[in-house]
Amino acid sequence: MNFDLRIPLGLIFSLYGIILIGTGLTSTPEMIRQTLGQNINLGWGVVQLLFGLTMLFLSRRKK
Amino acid sequence: MNPISAIHLGPVDYGILVIYFAFVLGIGFALKRSMTGSKEFFLSGRSIPAWVTGLAFLSANLGAQEVIGMAASGAKYGLMTSHFYWVGAIPAMVFLAIFMMPFYYGSKARSVPEYLKLRFDEKTRGFNAISFAVMTIFSSGISLHALAKLLETLVHWNYWTCITVSALIVLVYIFLGGLTSAIYNEVLQFFMIVMGFAPLVYLALQDAGGWTVLKEKLIPVATGQGFAPGTWSQSWAHLGNPIENPMGVGWFGMVMGLGFVLSFGYWCTDFLVVQRAMAADSMSAARRTPLIAAIPKMLFPALVILPGMIAIALHQQSGGMFLPTATDGTPDYNMVIPTLLAKYLPTGLLGIGFTALMASFMSGMAGNVTAFNTVWTYDIYQSYFAPNKSDSHYLWMGRFATVFGIVVSIGAAFLASQFNNIMDMLQLVFGFVNAPLFATFLLGMFWRRTTGHGAFFGLIGGTTAAALFHGLALAKGCVPGIKGGWLEPMFSFQSEMGQNFWMAIVAWSACFGLTILISLLTRRTKSDEDLKGLVYSLTPKPKAEDEAWYKRPVLVGILVMVAVIILNLLFL
């Protein structure tokens, strides 16, 4: 039987989310200027982390 | 080359790329245990849930041509490019779900060519299987070549290292996990594209001043090329006459050529996409597959076409300094996505965007390889070379075909890198073969009187008609030869795209007419009993009444069509 795809999806996007949040928290002023004054790494990092966690949650709930 | 489009990856970006490759290979290794027989390897054991096959269905088509090419078209033609989605994809996907999937899935055919064998005869299947196998392997090579060339330009990686590494990764995960591995990775790639491109479009659109300001900025782009002011921001308003729009296409050619013949021919008969739906875990899931794909598909213009429109607006505004310039002096449209990536994404998200781009090339290749190994093993090897072997023998052959397919892809990439003309020539011939195909399927599925001879000679006739038409037609500004008119340039077209759409219409009509004529003149070889499950009037309708409303194909199909009509009206 194949494993649930939501597990790797959840893992990789949670991991990417954490990496982006980390990068966002250590952004240089130059990076913030490049993204028109916003911390896009931080914002999208949170989105990806939430997506990843949702996938992991769904894969555990439905068994 | 303009320096802005060089991408500088930081350590975080490389980290993201490496993690992606680790997951891709990990999925392959984790699926190795599930590959117990040929049915598991080629058809995923018909066990995949609908949301997975649906996203893979979409993603298998989301290869290099899509991401880079649609952004390029967005810059070159503006919002009209959305016709490739709202006219040239969604209606065909809905048709496939409602009317055709019951035959593909219900007939227990293992491939599209095998359906032709069951419905018609051996020669029709052979023609389709062999042309499809050759085509997919060359497409896979072209994907590979495009990826390596892009990486060479953007990040200065060695061309042959790129080819070898990406081919090897694709090889390993398909070899281990078969179609399931390809499907799982396509879904992963789908989310990578969304996650990487959504912030890119968000930032670029913000920089351009939002949608309303963007539309104003697109006015000089249109008027500068001698078109009406709204040409770049309206999808239908300038289709009255081919000379009124940059595509050089009129509404009839657009609707019939792209929207009917080419679109239905691709989405409803190309095994590359249909294979994803055939892997679904039930008839209901198989029918829902194209519908689930249609929902993100109709929103994708925002992710892949809009960036092109933004880029050309900014290019115009900056006096031609935004996009790099191609050798012929026009903006290098293929650099839209790389330029935007380099400009707007900081290290971190840049890694996601760049990885998404690489992922789309690789899964485009993987899709071709899985379709190839199935058609090769079931429709060519098992049919003509080694029938009645054990299942494990065919599983072994599938793995061997994967290796073989990838080696040939690398050869095709080499050809593409050395001889541009060979690739143009091949794609032209593929175009001749593909154009009439939908007529054969339509008649086969809905008219029981269609015979094997009718189908086969109709196809040959349609292909010949396409080649003849190509010999007689020529687009403005082209020299007779590979672009057309090699017999006698009798018909002139505003653009190559318009010529191509009309070629499809001619090929389809010839195939349709000939198939009917020959079928009426030849004897039926299949009785009504043989055709049960293969022809509409002889197949019991699949019941969906007892399922939840969102699982009923007809209802969801209607909703999808309504939504796409609204989209067309909004951006008229």
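Side chains included, hydrogens not; waters and symmetry mates left out as well; all remaining heavy atoms used. We name chains A, B, ... by the order of the sequence lines, and we start the count at 1 in each one.
Of the listed residues (B:Val52, B:Ile19, B:Val12), the one with the most heavy-atom contacts under 4.5 Å to chain A is B:Ile19. Chain A forms the most heavy-atom pairs under 4.5 Å with one residue out of B:Thr180, B:Asp207, B:Ile352, and that residue is B:Ile352. Of all the listed residues (B:Gly348, B:Pro49, B:Pro199), the one sharing the greatest number of non-hydrogen pairs under 4.5 Å with chain A is B:Pro199.
Taking a 6.0 Å sphere around OH of B:Tyr14, one finds it holds more than 12 heavy atoms contributed by other residues, nucleotides or ligands.
B:Gln275 places none of its side-chain heavy atoms less than 4.5 Å from the side chain of B:Leu43. Taking 4.5 Å as the limit, some side-chain heavy atom of B:Phe197 sits within range of a side-chain heavy atom of B:Leu357. Counting heavy atoms from C-beta outward, B:Val194 and B:Phe300 have side chains that approach closer than 4.5 Å.
Contact of A:Leu11 with chain B is made through backbone and side chain together, with heavy-atom distances under 4.5 Å. A:Ile19 touches chain B through its side chain: at least one heavy atom from C-beta onward sits under 4.5 Å away, while N, CA, C and O do not. Residue B:Tyr184 touches chain A through both its backbone and its side chain, counting heavy-atom pairs closer than 4.5 Å. For B:Tyr202, the part sitting under 4.5 Å from any heavy atom of chain A is the side chain, from C-beta outward, and nothing else. With a 4.5 Å cut-off on non-hydrogen atoms, B:Ile183 does not touch chain A at all. Only the backbone of B:Leu345 comes within contact range of chain A, with heavy atoms under 4.5 Å apart. Contact of A:Leu20 with chain B is made through the side chain alone, with heavy-atom distances under 4.5 Å. Contacts between B:Ala22 and chain A at a heavy-atom distance below 4.5 Å are absent for every atom of the residue. The parts of B:Thr347 that come within reach of chain A are both its backbone and its side chain, each placing non-hydrogen atoms under 4.5 angstrom from that chain. At a 4.5 Å heavy-atom cutoff, A:Glu30 makes no contact with chain B through either its backbone or its side chain.
The aromatic rings of A:Phe13 and A:Phe51 sit perpendicular, their planes meeting at an angle over 60°, well past the 30° parallel limit.
Counted by atom type alone, B:Ser363 and B:Asn185 present zero donor-acceptor pairs between their side chains at under 3.5 Å. A donor and an acceptor atom, one from each side chain of B:Ser59 and B:Gln189, are located under 3.5 Å apart.
Considering CG of B:Leu154 and CD1 of B:Ile337, their distance stands at 11.5 Å, rounded to 0.5 Å.
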